[in-house]
Amino acid sequence: MTEKQVVLSGMRSTGKLHLGHYFGTLRNWVDLQERHDCYFFAADWHALTSDYEDPSAVTRYTVEAFADWIAAGVDPDRAVVFVQSMVPEHAELHLLLSMVTPLGWLERVPTYKEQLREVEGRDLSTYGFLGYPVLQTADIVLYRAHLVPVGEDQASHLEISREIARRFNSLYRPVFPEPQALFTPTAKVPGLDGRKMSKSYGNAINLSDSPDEIRAKCMSMFTDPTRIRRSDPGHPETCNLFAFHRLVSPPELAEEVAGKCRLAQIGCVEDKRLIADQLIAFLEPLRRRREELLADHGALLELLRRGSERARERAGETMAMVREALGLDYGRLLREGVR
Ligand code: TRP
């Protein structure tokens with residue numbers, strides 16, 4: 001029996017999902033589930049590292065994200081989809097890994113100092129925030145995952161996960177494969193203002209936005225800043241709006257618009273209307289499926305429960321190996337007595 005490679009990926013439950021999640025993560029998950037044993041999860045405990053003062057929305061974000069995943073094509077029969085906090089083994093392994101993780105490794109993670117400095121309005125000088133990469137490592141090695149799809153900004157977190165896994169393996173016994181980063185080509189999704197699409201920039205088009213909301217957002221989109229008058233020729237290759245055509249419009253239409261824009265035969269306002277139509281049409285099936293799923297909350301939660309149960313099976317196997325490696329296996333002592 002050759003085991004397929006195990007892929008693990010997670011998403012923090014910190015808000016509504018947007019087009020950046022769709023093109024950056026979800027489409028990739030849908031593709032990966034065809035070829036690998038995939039574990040995809042909602043990192044609700046990780047959401048608390050920054051949102052600990054008001055965790056009241058975390059559960060709702062988790063359930064809604066789950067509907068978005070399935071609406072986007074993640075198949076809960078193929079991939080194991082689950083919630084971090086429904087698999088308490090994540091917490092146990094996090095604790096054990098924290099024992100072998102030198103503080104210096106955590107303090108050196110580039111995003112750590114940067115975020116401590118830059119994130120405004122919350123105090124991130126907590127134990128939990130410093131330990132974010134340890135919990136993330138537990139998430140990964142708990143499933144003895146081989147591959148972790150990562151964006152460039154997450155590469156340093158995976159590096160520390162590899163080091164922690166290596167440290168555990170050499171101190172006790174080799175239990176964990178060293179997880180490899182799986183760099184996948186993902187489309188860059190700009191926000192309405194041309195910066196990276198992100199909830200915190202307020203420039204996102206959410207997967208759950210209504211047609212009216214999408215239209216209003218499109219009308220506020222930044223376009224080619226060098227095109228001041230309607231009669232100026234535009235530059236689709238650098239225009240923020242055109243980036244959306246590339247993502248969702250049929251190629252013939254994108255080409256036609258680009259050609260007309262260069263000749264100033266179409267204006268930005270007209271083009272905003274066009275892209276709104278395209279985005280609305282693109283998101284319509286997803287939105288409908290999402291609403292169906294959320295209408296039967298019980299069935300959705302049941303999928304989550306079942307997925308989390310499947311996750312616990314593999315997590316339980318790993319934890320048995322971990323406890324044995326540490327010699328902290330009281331279950332065995334109780335069965336076999338002290339020798
Ligand atoms: N840090 C990831 C994010 O920002 C979420 C996450 C938590 C994760 N644990 C993980 C991703 C393990 C990959 C593997 O969304």
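None of these values were measured; they are calculated from a predicted model.
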Roughly how far, to the nearest 0.5 Å, is CZ of Arg332 from CG of Leu334? 12.5 Å
Any chance you could measure Tyr132, atom OH, to Arg12, atom CZ, to the nearest 0.5 Å? 4.5 Å
I need the Ile228 CD1 to Ser231 OG distance, nearest 0.5 Å. 10.5 Å
Please enumerate all residues that pass side-chain contact (heavy atoms from CB on, under 4.5 Å) together with Tyr127, with sequence neighbours excluded. none
Atom CD in Glu163, atom OG1 in Thr101: separation rounded to 0.5 Å? 10.0 Å
Answer whether the closest heavy-atom distance between the side chains of Arg144 and Val6 falls below 4.5 Å. no
If you look at every heavy atom in Arg166 and Glu159, which pair is closest and at what distance? NH2-OE2, 4.3 Å
For Pro236, does its backbone N or O pair with a side-chain atom of Asp224 as donor and acceptor, under 3.5 Å? no
Are Asp209 and Arg287 close enough for a salt bridge, meaning some N to O gap below 4.0 Å? no
Connected via hydrophobic side-chain network under 4.5 Å: Val83 and Tyr39: no
Salt-bridge contact Arg262-Glu237 (side-chain N to carboxylate O under 4.0 Å): yes
Any side-chain heavy-atom pair of Gln278 and Leu253 under 4.5 Å: yes
Does the Gln84 side chain pair with the main chain of Trp45, one donor and one acceptor, at a distance under 3.5 Å? yes
Tell me, with the steps shown, if Leu304 and Val81 meet side chain to side chain contact (heavy atoms under 4.5 Å, CB included). CA-CA 7 Å; Leu304 261 191; Val81 280; 5.6 Å; no
Do the side chains of Val141 and Leu97 get nearer than 4.5 Å, heavy atoms only? yes
Does Phe40 belong to the same Ile/Leu/Val/Met/Phe/Trp/Tyr cluster as Phe23, with side-chain heavy atoms less than 4.5 Å apart forming each link? yes
Heavy-atom pair with the smallest gap, counting every atom of Val109 and Pro133: CG2-CG, 4.3 Å
Do Asp232 and Arg229 meet the salt-bridge criterion of a basic N to acidic O distance under 4.0 Å? yes
Assigning hydrophobic clusters by single linkage (Ile, Leu, Val, Met, Phe, Trp, Tyr; side-chain heavy-atom cutoff under 4.5 Å), is Val150 placed with Ile140? yes
Test log, rule side chain to side chain contact (heavy atoms under 4.5 Å, CB included), inputs Lys16 and Lys199: CA-CA 8 Å; Lys16 289 179 183 298; Lys199 180 187 79 147; over 6 Å; no
Could you report the tightest heavy-atom contact between Ala204 and Leu192, atom names first, then the distance? O-CD1, 4.5 Å
For the pair Lys217 and Glu213, find out whether any cationic side-chain nitrogen is under 4.0 Å from an anionic carboxylate oxygen. no
Determine yes or no for a side-chain-to-main-chain donor-acceptor pair under 3.5 angstrom, with Asn240 supplying the side chain and Gly191 the backbone. yes
For Ala67 against Leu293, the heavy-atom pair lying closest together: O-CD1, 3.6 Å
Should Arg323 and Glu92 be marked as a salt bridge (charged side-chain N to carboxylate O under 4.0 Å, His left out) after you check the CA-CA gap, both sets of side-chain angles, and the distance that decides it? CA-CA 10 Å; Arg323 289 182 206 114; Glu92 183 183 355; 3.1 Å; yes
Are Val189 and Trp69 connected in a single hydrophobic cluster, I mean Ile/Leu/Val/Met/Phe/Trp/Tyr linked by side-chain heavy atoms less than 4.5 Å apart? yes
Taking the side chain as every heavy atom from C-beta outward, state whether Tyr112 and Leu106 have any pair of such atoms under 4.5 Å apart. no
Do Gln33 side-chain atoms and Asp75 backbone N/O form a donor-acceptor pair below 3.5 Å? yes
Glu292 vs Arg289, salt bridge (charged side-chain N to carboxylate O under 4.0 Å, His left out): CA-CA, chis, key distance, verdict: CA-CA 5 Å; Glu292 278 167 21; Arg289 182 87 185 97; 3.3 Å; yes
Go through the side-chain N and O atoms of Ser85 and Asp44 and say whether any donor and acceptor fall under 3.5 Å apart. yes
Side chain proximity check, His46 to Asp139, heavy atoms < 4.5 angstrom: yes
Can you tell me how far apart OG (Ser13) and CG (Asp51) are? Round to the nearest 0.5 Å. 10.0 Å
Non-hydrogen side-chain atoms of Arg312 and Val87 separated by less than 4.5 Å: yes
Residues Glu256, Glu252; criterion side chain to side chain contact (heavy atoms under 4.5 Å, CB included); working and verdict: CA-CA 6 Å; Glu256 186 193 325; Glu252 318 79 64; over 6 Å; no
Out of curiosity, Leu8 CG to Leu142 CG, how far, rounded to the nearest 0.5 Å? 9.0 Å
For Ile70 and Leu300: C-alpha separation, side-chain torsions, deciding distance, then whether side chain to side chain contact (heavy atoms under 4.5 Å, CB included) applies. CA-CA 10 Å; Ile70 298 178; Leu300 193 60; 4.2 Å; yes
Asn169 side-chain N/O to Val175 backbone N/O, donor-acceptor pair under 3.5 Å: yes
Linked, directly or transitively: Leu247 and Trp29 (ILVMFWY side chains, under 4.5 Å): yes
Note, Arg227 side chain near Cys268 side chain (heavy atom, < 4.5 Å): yes
Determine whether the aromatic ring centres of Phe282 and Tyr22 lie less than 6.0 Å apart. yes
Step through it carefully: locate the ring centre of Phe82, locate the ring centre of Tyr143, and say whether they are under 6.0 Å apart. yes
So that I can tick it off, tell me whether Arg273 and Glu270 are bridged by a salt bridge, with the cut-off set at under 4.0 angstrom between side-chain N and carboxylate O. no
Closest heavy-atom pair, Ser161 versus Thr137, reported as atoms and distance to 0.1 Å, is OG-OG1, 2.9 Å
Indicate yes or no for a side-chain donor-acceptor contact from Arg167 to the backbone of Val100 under 3.5 Å, with no hydrogens or angles considered. yes
Mind checking whether Leu241 and Lys272 have side chains closer than 4.5 Å, heavy atoms only? yes
Check Leu279, Asn206, Leu26 against Leu19 for a side-chain contact (heavy atoms from CB on, under 4.5 Å) and give me the one that passes. Leu279
If every non-hydrogen atom of Val30 is compared with every non-hydrogen atom of Gly73, which pair is closest and at what distance? CG2-C, 3.5 Å
Salt-bridge test for Arg306 and Glu309: reply yes if a basic N is under 4.0 Å from a carboxylate O, no otherwise. no
Check the surroundings of atom CZ in Arg35: do more than 12 heavy atoms from other residues, nucleotides or ligands lie under 6.0 Å from it? yes
